Amino acid sequence: MSKRAGKAENNKKLFWRLHHWVGLYTGILIGALSLTGAVAVFIPEIDGWIVRQHYNALSSPSPTGGPQFSQSIDSLIHQHPDYSSLSISLPDHSGQVVHADVILRPEGGNLKRVDFFIDAGKDRIIGQRNHQNSLANYLRQMHVRLYEGYWGRQLVGIGGLALAVVAITGLLIYGNFMKKQLWPKLRKTRDMRIIMADWHKILGISALAFNVVIALTGAWLGLQPWLMRWLEIKTPNTFKAAIVMEPEADKAMYVNWNEILKTAKKEFPALQPRQLSSSTNGSGTVTVRGNIAGQIYERDINLLVLSKADYRPIFKYDVREQSLSHKFYFIQEALHFGDFGGLMLKALYALLGLTSGFLSISGFVIFLLRRQKKKKFHRTDAWKTTFVYSMAVLLFLIGIALISLFIGYSTASLVAGILINTLLIGLIGYALLRYLFRLFNRNHQPSA
Amino acid sequence: MNAAKRKHNKRHDTHTEHYLVPAALFLLNVLAVHVVYVVYAYFNAVGNQIGWVVLLTLAFVALSSAIWIKNRIYLWCSMMYYVALFIYCWV
């Protein structure tokens with residue numbers, strides 16, 4: 001064998017080892033993220049359905065055509081003078097309600113985030129719910145940080161990085177593993193290891209680009225707080241208006257929301273307003289956030305800041321006019337969640353997203369069946385083990401969901417934190433002990 | 001036996017199977033998302049450019065059929081066609 005061919009062979013062995021070990025140790029995380037991600041792309045649709053069906057909150061037709069909510073907001077402010085933040089989400093379709101997301105900080109009490117539903121036709125409050133205990137919040141928090149408050153987000157980022165590594169190494173070893181096999185032919189055999197291996201290779205290569213994009217954007221979104229600190233990257237679009245009055249006076253100022261929407265349309269015609277928020281810090285401003293049709297950027301990233309006093313524009317952020325670095329920064333979340341092409345694109349994202357879950361399960365089965373071939377494991381044990389791991393993940397997801405919905409977010413977060421950190425310590429401890437045990441055995445082997 | 005082996009080798013072109021098909025599948029992933037996005041934009045009167053819908057649908061048909069037929073020249077042409085469209089569309 002020539003020196004070059006030998007080097008190429010060594011590289012392939014290294015890629016295969018990386019694919020094998022990274023997949024084995026992070027497969028369970030990738031599988032869980034794949035499942036939660038496939039559901040998370042439909043959060044707005046699921047939440048809209050729950051609000052309609054469970055809370056029976058619907059909007060009647062508006063007499064003016066536009067959403068009416070000024071009186072409801074005004075009455076909310078008077079009912080809850082202790083509020084510390086107010087954000088209004090406008091409906092995407094007719095019949096949907098306006099959401100007023102209010103953070104209440106009662107003196108001596110715990111912070112509470114309440115989501116009020118407003119009939120956008122009659123301008124009436126028709127219901128409310130605890131925002132943190134909602135299913136929409138569960139789905140988002142589970143996918144974004146596994147419900148773990150300390151480093152859950154970073155763990156998800158590491159999962160994204162691991163998926164990128166297994167996807168890229170999978171591509172590099174693809175030719176070696178396919179040999180004379182044609183894509184997308186499955187070998188005719190009853191050997192489950194070969195059947196799973198064929199599906200693993202064919203689905204893996206077929207959804208590779210999608211998985212690489214999801215993996216890299218997910219890694220960035222998860223590791224963003226660390227990476228931005230280390231690389232000294234500044235968050236784009238962080239405008240802070242000057243403080244011009246007392247916070248209490250700011251909170252008490254009346255806002256004509258219809259006038260705000262009219263001004264936004266005049267000052268920023270391309271903006272589709274989706275979220276309105278009123279300042280409470282003394283800056284005396286109203287922020288209108290929204291999308292620009294046909295653009296692939298993070299939701300509600302374009303904004304217009306208006307003065308509460310005379311509705312004069314103070315600041316405008318149009319992502320189309322920004323530098324490439326801003327555009328690159330804000331394209332990540334849109335590419336990760338696929339919310340720029342309607343329901344069809346979401347369905348495609350969910351379908352392709354589930355491939356990484358299948359790949360982690362099939363990879364694990366192949367690993368166990370190969371061990372069985374080496375007579376270390378029984379065939380039934382391989383399936384039982386896979387079943388137990390898959391059920392454990394499902395039980396974790398369902399258990400945390402039930403705790404979050406029926407007991408509360410903080411309890412669910414505490415339980416998830418304990419479980420995840422115990423598992424993490426166990427996994428790292430096991431890997432370390434295994435390594436030390438092998439090292440010890442190698443050093444104490446009797447020489448031939 | 002030699003004839004059967006020769007027939008199999010003729011059917012199995014390593015360069016196509018190990019490099020061109022994965023590259024085409026990679027582009028097909030991107031193209032699938034691109035087509036859905038453009039069709040959505042067209043039907044929601046955002047882009048309103050039927051030309052892009054037609055060009056990208058053609059690219060999708062060409063690339064998928066090229067992957068199925070596995071003709072080396074056809075694969076290269078359909079990939080180049082979509083890469084050109086992609087560059088023109090985004091840059």
Side-chain angles (χ1 to χ4, degrees), chain A residues 12 41 92-93 167-168 170-185 201-214 217 270 272 291-296 324 327-328 331 334-353 355, chain B residues 4-50 52-53 56-57 60 63-72 75 79 82-83 86 89-91:
Chain A
K12 275 180 186 158
V41 293
D92 287 325
H93 308 287
I168 293 164
L171 172 70
L172 295 169
I173 59 175
Y174 173 76
N176 240 24
F177 274 74
M178 286 300 273
K179 292 194 179 77
K180 297 243 163 175
Q181 193 183 344
L182 302 167
W183 183 92
K185 290 268 186 290
K201 286 182 286 188
I202 287 161
L203 275 183
I205 203 72
S206 302
L208 183 89
F210 178 82
N211 282 328
V212 167
V213 170
I214 290 296
T217 52
Q272 295 174 335
N291 300 330
I292 294 172
Q295 300 286 306
I296 307 176
L324 198 65
K327 288 179 176 171
F328 187 71
I331 206 169
L335 284 180
H336 191 77
F337 286 102
D339 55 1
F340 51 90
L343 262 179
M344 270 294 285
L345 189 64
K346 287 185 176 191
L348 183 67
Y349 257 66
L351 189 72
L352 290 172
T355 57
Chain B
K5 201 174 173 184
R6 266 203 305 277
K7 196 180 168 190
H8 179 80
N9 282 345
K10 202 179 168 189
R11 271 196 299 132
H12 185 273
D13 175 5
T14 307
H15 180 77
T16 306
E17 285 292 338
H18 292 184
Y19 301 101
L20 288 182
V21 169
L25 284 168
F26 192 93
L27 285 177
L28 194 68
N29 274 208
V30 182
L31 178 54
V33 172
H34 200 168
V35 169
V36 176
Y37 163 66
V38 170
V39 169
Y40 172 79
Y42 176 71
F43 283 106
N44 285 278
V46 177
N48 227 3
Q49 289 175 304
I50 186 73
W52 275 111
V53 177
L56 287 168
T57 310
F60 189 81
L63 203 52
S64 353
S65 56
I67 292 168
W68 200 250
I69 295 164
K70 293 185 183 172
N71 178 291
R72 200 188 273 209
L75 272 165
M79 283 197 289
Y82 178 56
V83 169
F86 184 85
C89 190
W90 299 112
V91 182

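Keep in mind the model is a prediction, meaning the values are calculated, not measured.
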### Pick from B/Thr16, B/Val36, B/Val35, B/Leu25 with the largest number of heavy-atom pairs that fall under 4.5 Å of chain A
B/Leu25
### Task
Identify which part of A/Leu343 has an atom lying under 4.5 Å from any heavy atom of chain B, answering side chain, backbone, both or neither.
neither
### Message
Between B/Asn29 (side chain only) and A/Ser206 (backbone N and O only), is there a donor and an acceptor less than 3.5 Å apart?
### Response
yes
### Query
Is the shortest heavy-atom distance from the side chain of A/Ile205 to the side chain of A/Met178 under 4.5 Å?
no
### Task
Can you tell which part of B/Ala24 gets under 4.5 Å to a heavy atom of chain A, answering side chain, backbone, both or neither?
neither
### Task
Have a look at A/Asn211 and tell me which of A/Leu203, A/Ile168, A/Thr355, A/Leu352 forms a side-chain contact (heavy atoms from CB on, under 4.5 Å) with it.
A/Thr355
### Message
Between A/Tyr349 (side chain only) and A/Leu335 (backbone N and O only), is there a donor and an acceptor less than 3.5 Å apart?
### Response
yes
### Message
Classify the ring geometry of B/Tyr37 against B/Trp90: parallel below 30°, tilted from 30° to 60°, perpendicular beyond 60°.
### Response
parallel
### Message
Is it the case that the side chain of B/Glu17 and the backbone of A/Lys180 share a donor-acceptor pair, with hydrogens and angles ignored and the cut-off at 3.5 Å?
### Response
no
### Query
Checking heavy atoms, do the side chain of A/Leu345, its backbone, both or neither come under 4.5 Å from chain B?
both
### Proximal component of A/Phe210, with respect to chain B [non-hydrogen, under 4.5 Å]
both
### Query
Looking at B/Thr14, B/Val33, B/Val30, which one has more heavy-atom pairs under 4.5 Å with chain A than the rest?
B/Val33
### Task
Measure distances from B/Val21 to the heavy atoms of chain A and classify the residue's part below 4.5 Å as side chain, backbone, both or neither.
side chain
### Message
So which residue, B/Phe26, B/Phe43, B/Trp68, ends up with the most heavy-atom pairs under 4.5 Å with chain A?
### Response
B/Phe26
